[in-house]
2 protein chains.
Amino acid sequence: MSLKYAVLAALLEGEASGYELSKIFDVSLANFWPATPQQLYRELERLAGDGLIAARTVPQERRPTKRLFSLTEAGREQLGVFAAEPTRRPTAVRDEFLIKMQAMDGVDPAAVRALLEERRAWALGKLARYERVRERLLDGRTEEEHLREADRVGPYLTLAAGITFERENARWCERVLTVLDGRRAPMGPAGQPLG
Amino acid sequence: MSLKYAVLAALLEGEASGYELSKIFDVSLANFWPATPQQLYRELERLAGDGLIAARTVPQERRPTKRLFSLTEAGREQLGVFAAEPTRRPTAVRDEFLIKMQAMDGVDPAAVRALLEERRAWALGKLARYERVRERLLDGRTEEEHLREADRVGPYLTLAAGITFERENARWCERVLTVLDGRRAPMGPAGQPLG
DNA sequence: CACACCTATTCAAATAGTTCAGTAATAGCG
DNA sequence: CGCTATTACTGAACTATTTGAATAGGTGTG
């Protein structure tokens with residue numbers, strides 16, 4: 001349903017091939033609407049069939065031929081209508097890791113710690129990638145300047161949401177690691193370790 | 001895939017019917033693994049078939065007969081194995097609203113503001129419900145006491161993650177509303193409104 | 001020069017998730 | 001008494017998503 005509009009929104013940045021889109025989805029849109037390359041190619045086919053995007057074939061010198069897609073007026077219009085409508089579906093988070101954490105209290109603490117460290121590292125890695133995208137978007141301007149003056153602020157603001165999300169993810173892991181420390185070595189009433 | 005383990009993790013709290021599980025998923029597990037009642041009933045059937053949960057039929061006086069499910073030893077064990085394994089799938093967020101926000105810069109600002117207000121109200125409502133679950137979990141203890149001494153801390157910690165998530169959601173909406181204000185009435189170099 | 005990885009796309013099959021509808025009984029409201 | 005809501009569950013059809021594999025040339029590394 002919404003993949004359609006996610007693709008149209010991605011094409012607001014300009015013409016792109018299926019492959020390029022799959023990269024864009026990887027680094028920024030995956031934040032709120034993940035999609036595999038296969039999904040994208042199918043959706044692009046459908047959107048082109050419906051006249052919401054236009055395709056042109058570009059033969060390349062030393063690369064396979066690619067097809068570049070761009071928004072049509074009809075596509076831009078449908079996206080505008082969608083974006084002004086009330087949101088139908090609430091946010092859905094699917095996180096296998098948090099299922100494991102829900103069940104953590106029956107599991108070897110060392111294994112839990114390993115999971116937490118891994119997740120934390122992953123969140124910090126994603127954060128670093130987001131920060132690079134952010135620098136590119138700001139392009140030398142300060143955040144305030146950009147938010148006041150840029151033509152488009154949507155991409156920056158959704159990216160900021162992703163940055164907060166990953167930062168809080170990392171912080172959560174750190175907090176849980178601290179909690180586990182406190183449970184491994186319980187404290188007496190005066191704060192000194194027991195046992 | 002993971003719905004299986006989400007159901008097993010939910011049954012760590014004790015015996016429950018499909019209907020009761022659907023309520024549990026609504027208020028707390030939906031935070032990281034949403035599931036409709038239909039999905040749950042199907043999954044419970046499968047888990048019972050595989051011997052990971054045990055079902056018993058409980059005829060009721062003034063209600064339809066219900067089936068109560070509880071973890072078997074096999075189920076508890078498989079959940080333990082799953083929870084100690086490295087996480088396969090990264091977090092997937094699907095958020096129609098953020099697609100709209102990505103495309104906000106071509107849309108009537110009044111409509112965007114309405115979406116933001118709606119989302120903010122929704123996040124604050126969810127936050128309030130989470131806080132009530134939190135009070136129930138703490139049951140008079142302070143957070144520190146609970147995290148040090150409780151038998152299980154998993155449910156509290158995943159709930160805390162949900163609380164942070166919704167709080168940041170609401171804050172994001174407030175920030176974007178402020179940004180939109182700044183763009184409606186751009187400031188001059190000395191900080192006074194222009195026009 | 002072998003090997004892995006990148007660009008660029010397509011096809012088929014399997015799994016997961018959503019939607020709509022329905023059954024059936026009780027409770028509470030005006 | 002009719003209306004709506006709640007408890008409790010089932011079935012079928014549909015849509016969306018994931019996975020695996022295949023094709024095919026190019027680029028970089030040791």
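Owing to the predicted nature of the structure, the values given are computational and were not obtained by experimental measurement. In the text below, chain A, chain B and the rest are named by the order of the sequence lines, each starting its count at 1.
Between B:Asp95 and B:Arg119, at least one side-chain nitrogen of the basic residue sits less than 4.0 Å from a carboxylate oxygen of the acidic one, meeting the salt-bridge criterion. Under 4.0 Å is where a charged nitrogen must lie from a carboxylate oxygen, and between B:Glu43 and B:Lys4 no such pair does. For the pair A:Glu135 and A:Arg132, the salt-bridge criterion is not met [side-chain N within less than 4.0 Å of a carboxylate O]. With respect to the salt-bridge test (charged N to carboxylate O, under 4.0 angstrom), the residues A:Arg141 and A:Glu149 do not qualify.
The NZ atom of B:Lys66 sits 24 Å away from the P atom of C:dT23 (whole-angstrom rounding). Rounded to whole Å, atom P of D:dT6 lies 7 Å from atom OH of B:Tyr19. One can place CZ of A:Arg67 at 11 Å from C1' of C:dT10, the figure rounded to the nearest angstrom. Atom CD of A:Glu43 and atom P of C:dT9 are 16 Å apart (whole Å). Rounded to a whole Å, the NZ atom of B:Lys4 is 18 Å from the C1' atom of C:dG17. The interatomic distance linking B:Arg56 (CZ) with D:dA8 (P) rounds to 13 Å, in whole Å. Counting to the nearest Å, the P atom of C:dT10 and the CZ atom of A:Arg42 are 12 Å from each other. Atom P of nucleotide D:dT7 and atom CG of B:Asp26 are separated by 11 Å, given to the nearest angstrom.
Where B:Leu3 and A:Pro37 each meet DNA chain C at their nearest nucleotide, the meeting point lying more 5' is that of A:Pro37. Residues A:Met1 and B:Phe69 each lie close to DNA chain D; by heavy-atom proximity, the contact nearer the 5' end of the strand is made by B:Phe69. Take the nearest nucleotide of DNA chain D for B:Arg89 and for A:Ser2: the residue whose nucleotide is more 5' is A:Ser2.
Side-chain nitrogen and oxygen atoms of B:Tyr41 include none within less than 4.0 Å of the OP1 or OP2 phosphate oxygen of D:dT10. Checking the phosphate oxygens (OP1, OP2) of C:dG17, no side-chain nitrogen or oxygen of B:Arg94 falls inside 4.0 Å. The phosphate of D:dC9 (OP1 or OP2) has a side-chain N or O of B:Ser17 nearer than 4.0 angstrom.
Candidate nucleotides D:dT18, C:dT10, C:dT7 were compared by shortest atom distance to the side chain of A:Lys23, and C:dT7 ranks first. The side chain of B:Gln38 lies closest to C:dC20, out of C:dT7, D:dA16, C:dC20.
Among the atoms of the strands shown, none is found under 4.0 Å from any heavy atom of B:Ser22.
Listed for the A:Trp172 side chain is a donor-acceptor partner under 3.5 Å among the backbone atoms of B:Leu157.
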